[in-house]
Amino acid sequence: MKYIVGEKGRMTQVFDESGIVHPATVLSVVPNAITQVKNIDKDGYSAVQVGYGTKKKINKPLSGHLKGKGSFRGLKEFRIESEIPEEGAVIDVSIFEPGDVVSVSALSKGKGFQGVVKRYNFGGGPRTHGQKHTERAPGSIGGGGRAGGRVVKGQKMPGRMGQDRVTVKNLKVLQVNKEEGTIVIRGAIPGRPGTLVEIVSK
C-alpha cells in the first residue's frame, strides 16, 4: 500500500505517447515522515500516522506526542494491513510510478451560504402570472397533513454548501518528478489550489 499527503496545485494538459491529451492536476508533495505506528495489540487496529509540511511553532501536547520527531503542519492517519514501516521513516513521491491507480481525498471548495436552486438544483417558482418575490424560493417545506404539520428531518433547505470531504477513486498517475516533488494525476481533484490532498494506492 502506498500513501502520502500533498497540496493541490494547478491543472494542466498532458499528452501521452499516442498523442492523446489528458486533463491533469499537478500536486506538490514535500517528504512525509512516519510519526507513529499503531498496531492491533496496543491500539486495536493497524495504522500509520504521517506528519506533513513544516510549522514554526506547535503546541505543547503535539510537541510531547511527536517527541522531537519534527515540527509538522499537521498529521494524517492511514489504515494499513501489511508492510508496516518504522517510526521516523521518510516517504516521498518516488513511491509512486506512472500508471499507478490511486484514490484521492480532499475537502471540496467552500461556497458559503447558498439557496436551494444552487445547492440542490431546485427549479424555482414561476417567472410570470403574478410572480414577485419567490422566484428562487424552495416552496412549501411542511405543514398541512405532511408529517403531522412539522418540518421533516433532512428537508432540503438553504444552508452552507461545500467544504465536504470528497474521495475520487481510480485516478491514474501520469508523471512523477522526485527532484521537484510533484506528481501529476489524470483528471480533476476536489478543492482549491493549496488544499491538502491524501493520495492512496493499493
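We count residues from 1, following the sequence as given.
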Which pair of non-hydrogen atoms, one from [X] and one from [Y], has the smallest distance, and what is that distance?
{"X": "Arg192", "Y": "Lys8", "result": "O-CD, 3.7 Å"}
{"X": "Val48", "Y": "Pro85", "result": "CG1-CD, 3.6 Å"}
{"X": "Gly53", "Y": "Val30", "result": "N-CG2, 3.9 Å"}
{"X": "Lys38", "Y": "Glu77", "result": "NZ-OE1, 3.0 Å"}
{"X": "Ala33", "Y": "Phe72", "result": "CB-CZ, 3.7 Å"}
{"X": "Lys111", "Y": "Gln114", "result": "O-NE2, 2.5 Å"}

Scan the side chains in residues 96-108 for donor-acceptor partners under 3.5 Å anywhere in the protein, sequence neighbours excluded, and list what turns up.
from: Asp100; atom 1: OD2; to: Lys2; atom 2: NZ; distance (Å): 2.9
from: Asp100; atom 1: OD2; to: Glu97; atom 2: N; distance (Å): 2.9
from: Ser105; atom 1: OG; to: Thr167; atom 2: OG1; distance (Å): 2.8
from: Ser108; atom 1: OG; to: Gln163; atom 2: N; distance (Å): 3.2
from: Ser108; atom 1: OG; to: Asp164; atom 2: N; distance (Å): 3.1
from: Ser108; atom 1: OG; to: Asp164; atom 2: O; distance (Å): 3.3

Cationic tip of Arg79 above Tyr45 ring, under 6.0 Å, 45° of axis = yes
Do Phe78 and Glu198 pass the side chain to side chain contact (heavy atoms under 4.5 Å, CB included) test, and can you show the C-alpha distance, the side-chain angles, and the key distance before you say yes or no?
-> CA-CA 9 Å; Phe78 297 95; Glu198 300 170 34; 4.0 Å; yes
What pairs of residues pass the side-chain hydrogen bond (donor to acceptor under 3.5 Å, both in side chains) test when at least one of them lies in residues 170-191, not counting sequence neighbours?
-> His22-Arg186
Distance in Å, [X] [atom1] paired with [Y] [atom2], rounded so as to fall on 0.5 Å steps:
{"X": "Met161", "Y": "Tyr120", "atom1": "CE", "atom2": "OH", "value": "9.0 Å"}
{"X": "Lys76", "Y": "Thr35", "atom1": "NZ", "atom2": "OG1", "value": "12.5 Å"}
{"X": "Glu7", "Y": "Leu196", "atom1": "CD", "atom2": "CG", "value": "5.5 Å"}
{"X": "Asn32", "Y": "Ile91", "atom1": "CG", "atom2": "CD1", "value": "5.0 Å"}
{"X": "Ile40", "Y": "Glu81", "atom1": "CD1", "atom2": "CD", "value": "9.0 Å"}
{"X": "Ile4", "Y": "Ser201", "atom1": "CD1", "atom2": "OG", "value": "12.0 Å"}

Are [Y] and [X] linked, directly or through intermediate hydrophobic residues, by side-chain heavy-atom contacts shorter than 4.5 Å (ILVMFWY only)?
{"X": "Val116", "Y": "Val151", "value": "no"}
{"X": "Val50", "Y": "Val200", "value": "yes"}
{"X": "Ile185", "Y": "Ile95", "value": "yes"}

Residue pair Tyr52, Leu75: steps toward the side chain to side chain contact (heavy atoms under 4.5 Å, CB included) verdict | CA-CA 6 Å; Tyr52 58 88; Leu75 304 173; 5.5 Å; no
Taking the side chain from Arg119 and the backbone from Val117, do they hold a donor-acceptor pair closer than 3.5 Å?
-> no
Would you check, one step at a time, whether the test side chain to side chain contact (heavy atoms under 4.5 Å, CB included) holds for Met11 with Val26?
-> CA-CA 6 Å; Met11 287 200 70; Val26 181; over 6 Å; no
Considering the options Gln131, His133, Lys132, which one meets the side-chain contact (heavy atoms from CB on, under 4.5 Å) requirement together with Glu135?
-> Gln131
Can you give the donor-acceptor pairs under 3.5 Å from side chains of residues 57-67 to other protein atoms, not counting sequence neighbours?
from: Asn59; atom 1: OD1; to: Leu62; atom 2: N; distance (Å): 2.9
from: His65; atom 1: NE2; to: Gln49; atom 2: OE1; distance (Å): 2.7

May I ask you to test the Val173-Val184 pair for a side-chain heavy-atom distance under 4.5 Å?
-> no
Going through the distances and angles, do Ile199 and Leu27 end up as a side chain to side chain contact (heavy atoms under 4.5 Å, CB included)?
-> CA-CA 10 Å; Ile199 311 165; Leu27 303 180; 3.4 Å; yes
